[in-house]
Amino acid sequence: MSAADPVPEGWPDRAARAALVPDPQGGGGRLQPLAEDGTPTGPAARAADVWAAVAAVEARGTAPRWVWAAADSGYTPMLPGRVTRCHDLALTEALLVAHDGAFGQPRSLGAAWARLHGLPVPDDLGVGADSGDQDSLFAPDRLQLPPGTDPLTAVVAVHADQQRRVAALDDSDGTKARFRLLVAAESAGGLVAAEMAYGGLPWRNDVHDALLADKLGPRPVTRGALPAKLAETAQRLQEALGGRPFNADSHAQVIKAFADQGVRLASTRTRHLREIDHPAAEILIHYKELSRLHAAHGWAWQDAWVRGGRFRPEYVVGGVVSGRWAGRGGGALQIPRILRGAVVADPGWCLVVADASQVEPRVLAALSRDAGLARTAAEGDLYQALAAEAFGGDRDQAKLGLLGAMYGQTSGDIGPLLATLRRRYPAAMGYVEAAARTGEDGGLVRSVLGRTCPPPSAEWLDRTEGLEPGADRADRADDDVARSARSRGRFTRNFVIQASAADWALVLLAVLRGRLHDEAAPARLVFFQHDEIVVHAPKELAERVAELITESADEAKRLTFGQTPVRLPMVPTIVESYADAK
DNA sequence: TACAATGACACA
DNA sequence: TACGTGTGTCATTGTA
């Protein structure tokens with residue numbers, strides 16, 4: 001090995017896994033080869049340039065699964081370099097702790113280390129918090145380890161412990177294998193999230209500006225001044241309500257202004273306003289539209305979140321209890337439809353946008369193995385098929401009934417619809433109703449891959465204390481206890497579906513990431529929102545990318561649910577602008 | 001002055 | 001009588 005070889009001296013030709021700890025400063029770091037179960041298979045090695053060492057090991061084509069404390073310290077500094085796979089200790093710790101019924105516990109390396117050694121568990125100051133300055137990013141105390149603890153020792157020990165805890169899981173019916181898949185997919189999610197945050201979503205400020213100018217008028221020169229059309233609308237609103245000045249952003253003042261005109265408003269919600277017969281109502285609806293655009297996605301938003309033609313939000317993997325991602329900053333997961341026109345592919349490139357249709361009822365069909373519903377979900381339009389089979393062809397009724405069953409709706413005229421569904425699809429309805437009962441009794445439910453819902457809060461347990469668990473818990477007289485029980489039942493009923501859908505989407509993301517790299521580089525994932533993905537790809541690769549998405553969706557279905565007749569279609573469209581998708 | 005709660009609306 | 005689940009962000013308003 002020459003002195004220039006970035007692979008550390010003595011590094012083995014193959015390793016199943018490798019622990020990786022960058023130095024706090026200077027770009028060096030240490031790595032250690034590990035067996036699948038976490039046992040070291042060689043001595044720790046030092047690399048003067050740790051990211052070059054990782055890249056060189058990856059380049060051999062036999063890359064280990066890199067084990068690191070968390071993606072922000074373990075991976076983000078390496079970008080745009082790439083690794084094939086990883087084991088993210090923080091994300092895995094959260095999954096394992098939740099599986100044990102203790103939710104929301106600190107998940108930093110230090111927290112996991114402390115649990116392992118029976119020490120007081122430190123809070124998660126570092127993991128997932130604002131990245132702060134670069135120095136603190138690598139500081140050992142960010143890992144929340146006790147002073148003097150060697151981070152590499154901790155990474156190796158915590159990883160071995162996690163592998164042991166996974167190995168100790170119930171092994172009936174493939175449970176353990178599915179949880180391993182969950183750990184791998186969650187970790188891959190950490191890679192994708194870091195890569196998407198690094199790469200950003202193509203964003204055309206000029207298109208965005210034109211849209212803002214059209215709706216709001218030109219950008220005000222004075223900071224904080226209202227744009228012309230917004231001010232003008234507020235003025236018209238005031239005149240329509242008698243001319244006395246009031247703040248149109250204040251619900252209380254708006255309600256009072258209407259009351260002065262003899263119009264009683266229960267609230268200022270748009271849907272209530274639509275029913276109000278007064279000229280000011282329409283103006284107020286218009287004002288709210290403009291005001292929201294200005295406040296949430298106006299010029300200030302653009303200044304804060306768009307740089308160099310890219311919108312750069314941060315994604316929080318596992319940020320939602322169901323396993324969906326959360327966003328931090330810029331409202332990445334709430335890009336309103338009217339703004340999607342600003343998401344435009346670079347010249348010579350395109351966007352491949354794919355959306356999973358009717359994913360939740362399909363997931364229910366796959367989860368519950370209800371033969372009838374699975375047959376229905378083998379069709380292209382599930383609701384239409386359901387309508388034909390059980391609702392006399394009425395698609396709206398079919399959709400209403402099924403959504404109501406999945407969300408625990410009881411109000412409205414939904415009773416007869418639920419009765420029909422129960423009769424026709426006993427296994428599927430039994431599945432969600434069992435999940436609801438478990439929740440009402442304070443129990444835990446899990447997604448198909450084993451992600452576990454939070455346990456009831458202490459306050460909830462307090463309130464329902466003294467009541468025997470059982471079917472009548474939620475059926476009692478209408479008191480607080482029954483209300484709490486039913487509320488948690490709705491949550492767990494929905495959790496099994498939403499979380500299993502998130503499992504599938506995460507596996508899809510992991511599979512697609514690999515295929516894009518292998519077969520469609522330099523195409524990149526640039527956006528992911530629960531059941532929708534956007535890939536930015538050179539035009540000549542667009543068709544191939546679309547195929548890869550479809551294939552990845554099938555592969556994810558097979559991995560997540562096994563053999564099932566249910567279809568989980570991911571429908572790709574090739575566009576230049578996000579607004580043109582669908 | 002700073003923070004939390006509230007209402008509203010955006011997304012799946 | 002009631003109440004479909006999750007999330008983030010903003011402006012206003014009330015409280016410490």
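Residue numbering restarts at 1 for every chain, and letters A, B, ... go by the order of the sequence lines.
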Between atom [atom1] in [X] and atom [atom2] in [N], what is the gap in whole Å?
| X | N | atom1 | atom2 | value |
| --- | --- | --- | --- | --- |
| I335(A) | dG8(C) | CD1 | P | 15 Å |
| Q529(A) | dG6(C) | CD | C1' | 13 Å |
| W301(A) | dT9(C) | CH2 | P | 12 Å |
| R493(A) | dG6(C) | CZ | P | 13 Å |
| F528(A) | dT7(C) | CZ | P | 16 Å |
| E433(A) | dG4(C) | CD | P | 16 Å |
| L293(A) | dA11(C) | CG | C1' | 16 Å |
| E360(A) | dT5(C) | CD | P | 13 Å |

Establish, from distance only, whether the side-chain atoms of [X] and [Y] form a donor-acceptor pair under 3.5 Å.
| X | Y | result |
| --- | --- | --- |
| D396(A) | Y383(A) | no |
| S267(A) | H272(A) | yes |
| Q261(A) | H278(A) | no |

If you look at every strand shown and take non-hydrogen atoms under 4.0 Å, does [X] touch a base, only sugar-phosphate, or nothing?
| X | answer |
| --- | --- |
| Q498(A) | base |
| R340(A) | sugar-phosphate |
| I497(A) | nothing |
| G404(A) | nothing |
| G319(A) | nothing |

| query | Any salt bridge between D209(A) and R219(A), counting N to O under 4.0 Å? | reply | no
Protein-nucleic acid N or O pairs under 3.5 Å, nucleotides 5-8 of chain B:
residue	atom	partner	partner atom	Å
dA8(B)	OP1	T268(A)	N	2.9
dA8(B)	OP1	T268(A)	OG1	3.3
dA8(B)	O3'	K288(A)	NZ	3.2

| field | Between dT1(C) and dC9(B) - P atom distance, rounded Å | value | 27 Å
| task | May I ask you to evaluate whether R490(A) reaches the phosphate of dT5(C), defined as a side-chain N or O under 4.0 Å from OP1 or OP2? | result | yes
| Would you say N247(A) reaches dA11(C)'s phosphate, i.e. side-chain N/O to OP1/OP2 under 4.0 Å? | no
Nearest to the side chain of [X] - [options]?
| X | options | value |
| --- | --- | --- |
| R337(A) | dT5(C), dA2(C), dC11(B) | dC11(B) |
| Q409(A) | dG4(C), dA12(B), dG6(C) | dG4(C) |
| N494(A) | dA11(C), dT5(C), dA12(B) | dT5(C) |
| S250(A) | dT7(C), dG6(C), dT13(C) | dT13(C) |

| note | Partner of dC3(B) under the Watson-Crick or G-U wobble criteria, both distances under 3.5 Å, comes out as dG14(C)
| request: Measure from the side-chain N and O atoms of K215(A) to the backbone N and O of H294(A), and report whether any donor-acceptor pair falls under 3.5 Å. | output: no
| Aromatic rings F311(A) and W301(A): how do their planes relate, parallel, tilted or perpendicular, breaks at 30° and 60°? | tilted
| query | Taking the six-membered ring of W460(A), is NZ or CZ of R488(A) closer than 6.0 Å to its centre and within 45° of its axis? | reply | yes
Pairs under 3.5 angstrom only: tabulate donor-acceptor contacts from the side chains of residues 413-420 of chain A to other protein residues two or more places apart or in another chain.
residue	atom	partner	partner atom	Å
T420(A)	OG1	P416(A)	O	3.0

